[in-house]
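One structure below.
Labels below follow one simple rule: chain letters A, B, ... track the order of the sequence lines, proteins then strands, and each chain is numbered from 1. Just the heavy atoms: all of them, side chains too, but no hydrogens, waters or symmetry mates, feed the values below.
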Amino acid sequence: MLIPMQSLIFYVFASLLACSALMVILARDTVHAALFLVLAFFASAALWLILQAEFLALILVLVYVGAVMTLFLFVVMTLNVRATSLKSAWHYAPFGLAIIAAMVAAIIYISGTNTASTGLPLTELAIQDSNTLALGRVLYTQYAYVFELAGILLLVAIIAAIVLASPVARERKIQIIAKQVTTRAKDRIRWVDL
Amino acid sequence: MTITLTHYLIISALVFGIGMAGIISHRQNVIGLLMCVELMLLGVNTNLIAFSHYLHDLTGQIFVFFILTVAAAEAAIGLAILIVLFRKRATVEVDQLTELQG
């Protein structure tokens, strides 16, 4: 009775994901919306575990929930953005929602009709490499260049975030070390012949 | 019934559509916009991992690895921009951010 248990787990976490995603956009308070997004990430991490992508599921929880959503909550608390009202956008809503519903229906229709690959059930794979080992084998050999580029991208993001968030010198009376170090004597001292 | 690829495609299409609907209806709140972008990325990631599992190819998971990296970097920079905006304008409503000069 292994397969029905898996389908039960799938339905539980898929409905949890859909409901919490819906509550993200319908929640009145921004903090509640962020917490529902955290719940959506946990539910989708469970779905990825069913799909045997353990490394990525754990990375989702550790990095996305643990760092990115924590950052979101910090910013929400710092800027004190509490209430959001959906009222003023409602005259755009019917047209936009109709387009989105048509797009989602088209995607669902297209996904359902191709039975060559979509009819495959969840396979029970024999004992094999763990997901981390298999990913590492491919990532460091075949995709090594892209891996290094991703590291450089993260470095650029760190520098950008620090520069953006650091306070501007003219707003506060702080020392500008670069200006102090590059002064010349003739800017400070003037010989007067008496 | 057994769970096929179609189930995963449906759930990820739903999450993607919900994220898009949130972007349309969250015109005021920039943090809400960023969270709906994260929802859309979540839908795309689930889609890729489902395909990677059912077609027995690790390329989908590698792609998700890099999408997670880029999305985390983009969320960090987006929030830093938001903090600078809030310092200047004292508001995070999108309708009031109408001037390009900063």
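- Residue L139(A) is grouped with residue L60(A) when hydrophobic side chains (ILVMFWY) are merged at heavy-atom distances under 4.5 angstrom, including chains of intermediate members.
- Looking only at side-chain heavy atoms (C-beta outward), V104(A) and F16(B) stay at 4.5 Å or farther from each other.
- Aromatic pair Y8(B)/F10(A): centroids less than 6.0 angstrom apart.
- With chain B as the partner, the residue from V24(A), V156(A), L135(A) showing the most heavy-atom pairs under 4.5 Å is L135(A).
- The distance from atom CE of M20(B) to atom CE of M103(A), rounded to the nearest 0.5 Å, is 4.5 Å.
- Grouping the Ile, Leu, Val, Met, Phe, Trp and Tyr side chains by contacts below 4.5 angstrom, directly or via other members, places L55(B) with I10(B).
- With a threshold of 4.5 angstrom between heavy atoms, F72(A) approaches chain B through its backbone and through its side chain.
- Between F55(A) and Q61(B), every side-chain heavy-atom pair lies at or beyond the 4.5 Å cut-off.
- Only the side chain of A160(A) comes within contact range of chain B, with at least one heavy atom under 4.5 Å from a heavy atom of that chain.
- With a 4.5 angstrom heavy-atom cutoff, A34(A) touches chain B via backbone and side-chain atoms both.
- No continuous path of ILVMFWY side-chain contacts below 4.5 Å connects L62(A) to L51(A), so the two sit in separate hydrophobic clusters.
- Both the backbone and the side chain of L71(A) have a heavy atom closer than 4.5 Å to some heavy atom of chain B.
- Hydrophobic clustering places F13(A) together with L8(A) (ILVMFWY residues linked when any side-chain heavy atoms are closer than 4.5 Å, directly or through intermediates).
- Counting heavy atoms from C-beta on, the side chains of I83(B) and T78(A) never come closer than 4.5 Å.
- Side-chain atoms of V64(B) and W48(A), non-hydrogen and from C-beta on, do get closer than 4.5 Å to each other.
- Partners of R190(A) by salt bridge (charged side-chain N to carboxylate O under 4.0 Å, His left out), not counting sequence neighbours: none found.
- Here L42(B) is the residue among L42(B), L58(B), L14(B) with the most heavy-atom pairs under 4.5 Å with chain A.
- Residue F66(B) places its CZ atom among more than 12 non-hydrogen atoms of other residues, nucleotides or ligands, all under 6.0 Å distant.
- Of the atoms belonging to L37(A), it is side-chain heavy atoms, and not backbone ones, that fall under 4.5 Å from chain B.
- L48(B) does not touch chain A: none of its heavy atoms, backbone or side chain, sits under 4.5 Å away.
- Every residue two or more places apart in sequence or in another chain was checked for a side chain to side chain donor-acceptor pair (under 3.5 Å) with T132(A), and none qualifies.
- At a threshold of 4.5 Å between non-hydrogen side-chain atoms, the residues I49(B) and L56(A) count as touching.
- In this structure, I18(B) and A21(A) approach most closely via the heavy-atom pair CG2-O, 3.4 Å.
- Of all heavy-atom pairs spanning I77(B) and A157(A), the tightest one is CD1-CA, 3.7 Å.
- In this structure, F74(A) and L79(B) have side chains that are not in contact, with every pair of non-hydrogen atoms separated by 4.5 Å or more.
- Distance check, rounded to the nearest 0.5 Å: OG1 of T46(B) to CG of L47(A) gives 6.5 Å.
- The parts of V146(A) that come within reach of chain B are both its backbone and its side chain, each placing non-hydrogen atoms under 4.5 angstrom from that chain.
- Using a 4.5 Å heavy-atom threshold, the side chains of L9(B) and I107(A) count as separate.
- In this structure, the portion of I100(A) lying under 4.5 Å from any heavy atom of chain B is its side chain and not its backbone.
- In this structure, L68(B) and V63(A) have side chains that are not in contact, with every pair of non-hydrogen atoms separated by 4.5 Å or more.
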Requested in this report: Give the C-alpha distance, both sets of side-chain angles, the deciding distance and a yes or no for side-chain contact (heavy atoms from CB on, under 4.5 Å) between V138(A) and F65(B).
Outcome: CA-CA 12 Å; V138(A) 182; F65(B) 189 83; over 6 Å; no
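- Of the listed residues (L39(B), I11(B), V15(B), I62(B)), the one with the most heavy-atom contacts under 4.5 Å to chain A is I62(B).
- When hydrophobic clusters are built by joining Ile, Leu, Val, Met, Phe, Trp and Tyr residues whose side-chain heavy atoms come closer than 4.5 Å, directly or via intermediates, I25(A) is grouped together with L35(A).
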